[in-house]
Amino acid sequence: MRIDIITVLPELLESPFSHSIMKRAKDKGLLEVYTHNLRDYTPYKQAQVDDYQFGGGAGMVMMPEPLALAIEHLQKERKYDEIIYMTPDGPLFEQKTANSLSMKKNLIIICGHYKGIDDRIREHFVTMEISIGDYVLSGGELAAAVVVDAVGRLLPGVLNDETSALFDSFQDGMLAPPVYTRPADFRGWKIPDILLCGDPKKIDDWRYEQSLKRTEQRRPGLLDE
Ligand code: 6GU
């Protein structure tokens, strides 16, 4: 999978994909992430990419021309499955969004700043909008990093048995069960006996019960869906 990210802050997107599982995905050639500085595509002087909004009001808006030129530059090279705009007024990002995006080949992600982007770009170029939650970030970059991480780890070959996504919280509509590692007795706090019983079926049943209990207690809404 290839992801092209259009941003005014490419520096912000260097570190998130340079470690751990995202690094492995890139090293294995399973995930390619390229950042593009929007200022490289503006025809305006002083690398201007934003301007005052028509009708008045506080806050700048990202101009359509630099965004259109950046998108069209990328589209000349390959066909994109989705052009995604990161915006707090988009549909909420969920595990099922990540699952479906992980099956695409080429994605563009546009990171907004200030008051957002000129609406004509949303109308004529953007095919999908994503918000990562009901709060406002100062730009779309951190949200884009969340999406790339959630999607990248699902690509076939990225995770191994130890890190398998099959039993993640949300993957089956439930939260994950509690987990424990050595020592079995830490400061007198013991792990549940059943985990030492050696019967995989019993352990599976216990984990399922724990998942259900956690989900009922913490996120009852998930069980209705
Ligand atoms: Cl995608 N962008 C911004 N700026 N803020 C957000 C968001 C995105 N999702 C939640 N808050």
Side-chain angles (χ1 to χ4, degrees), residues 1-18 21-22 25 31-42 47-55 57-68 70-71 74 80-104 106-155 168-170 218-219 221-222 225:
M1 163 178 273
R2 173 184 173 120
I3 303 179
D4 289 280
I5 307 179
I6 300 171
T7 168
V8 288
L9 286 173
E11 301 84 357
L12 211 50
L13 289 164
E14 273 163 31
S15 172
F17 314 124
S18 304
I21 288 168
M22 289 303 104
L31 174 66
E32 293 172 88
V33 183
Y34 299 95
T35 56
H36 306 273
N37 192 335
L38 184 64
R39 292 188 196 282
D40 294 341
Y41 294 89
T42 184
Q48 184 184 359
V49 293
D50 59 323
D51 208 340
Y52 297 99
Q53 54 177 313
F54 280 119
M60 308 291 273
V61 174
M62 289 168 74
M63 305 162 92
E65 183 82 32
L67 286 164
I71 295 165
L74 291 167
Y80 285 90
D81 300 300
E82 299 286 356
I83 300 179
I84 301 167
Y85 173 46
M86 303 305 306
T87 178
D89 61 6
L92 283 182
F93 186 63
E94 296 181 349
Q95 189 60 46
K96 62 176 186 286
T97 329
N99 292 349
S100 91
L101 283 177
S102 74
M103 291 181 252
K104 312 279 183 181
N106 298 311
L107 302 176
I108 290 178
I109 301 182
I110 302 167
C111 302
H113 263 263
Y114 323 110
K115 281 275 149 189
I117 67 175
D118 187 289
D119 217 75
R120 290 166 290 186
I121 295 294
R122 297 172 76 160
E123 195 179 329
H124 296 286
F125 286 97
V126 168
T127 61
M128 180 176 186
E129 300 186 330
I130 294 179
S131 164
I132 64 160
D134 289 340
Y135 40 81
V136 177
L137 304 170
S138 54
E141 283 77 11
L142 296 180
V146 166
V147 169
V148 173
D149 186 298
V151 171
R153 64 192 289 283
L154 296 175
L155 299 176
D168 286 345
S169 279
F170 303 110
R218 300 174 184 200
R219 300 287 305 277
L222 287 179
E225 288 171 23

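For this chain, numbers begin at 1 and follow the sequence in order. Atoms within each ligand, like the ligands themselves, are counted from 1 in listed order.
Of the protein's heavy atoms, P88 CD, 3.5 Å lies nearest to atom 2 (N) of ligand 1. Of the protein's heavy atoms, Y135 O, 2.5 Å lies nearest to atom 11 (N) of ligand 1. Ranking protein heavy atoms by distance to atom 5 (N) of ligand 1, first place goes to L137 N, 3.0 Å.
Summarising the local packing, CG of D134 is surrounded by 12 or fewer heavy atoms from other residues, nucleotides or ligands at distances under 6.0 Å.
On a distance-only criterion, V136 and ligand 1 share no N/O pair closer than 3.5 Å.
Between the side chains of D4 and H36, at least one donor N or O lies within less than 3.5 Å of an accepting N or O. There is a side-chain donor-acceptor pair under 3.5 Å between T127 and E82.
At least one heavy atom of G133 sits less than 4.0 Å from an atom of ligand 1.
Proximity of A143 to ligand 1, defined as any heavy-atom pair under 4.0 Å, is confined to the side chain (atoms from C-beta onward). Only the backbone of I130 comes within 4.0 Å of ligand 1, counting heavy atoms alone; no side-chain atom from C-beta on gets that close.
Of all the heavy atoms in P66 and M63, the pair that sits closest is CD-O, 3.5 Å.
Listed by atom number, the atoms of ligand 1 under 4.0 Å from I132 heavy atoms are 9 (N), 10 (C).
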Query raised in the report: Given the rule in the salt bridge (charged side-chain N to carboxylate O under 4.0 Å, His left out) test, do D168 and R153 qualify, once you have shown the distances and angles that lead to the verdict?
Result: CA-CA 11 Å; D168 286 345; R153 64 192 289 283; 2.7 Å; yes
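Between D89 and R122 a salt bridge is recorded (basic side-chain N to carboxylate O distance below 4.0 Å).
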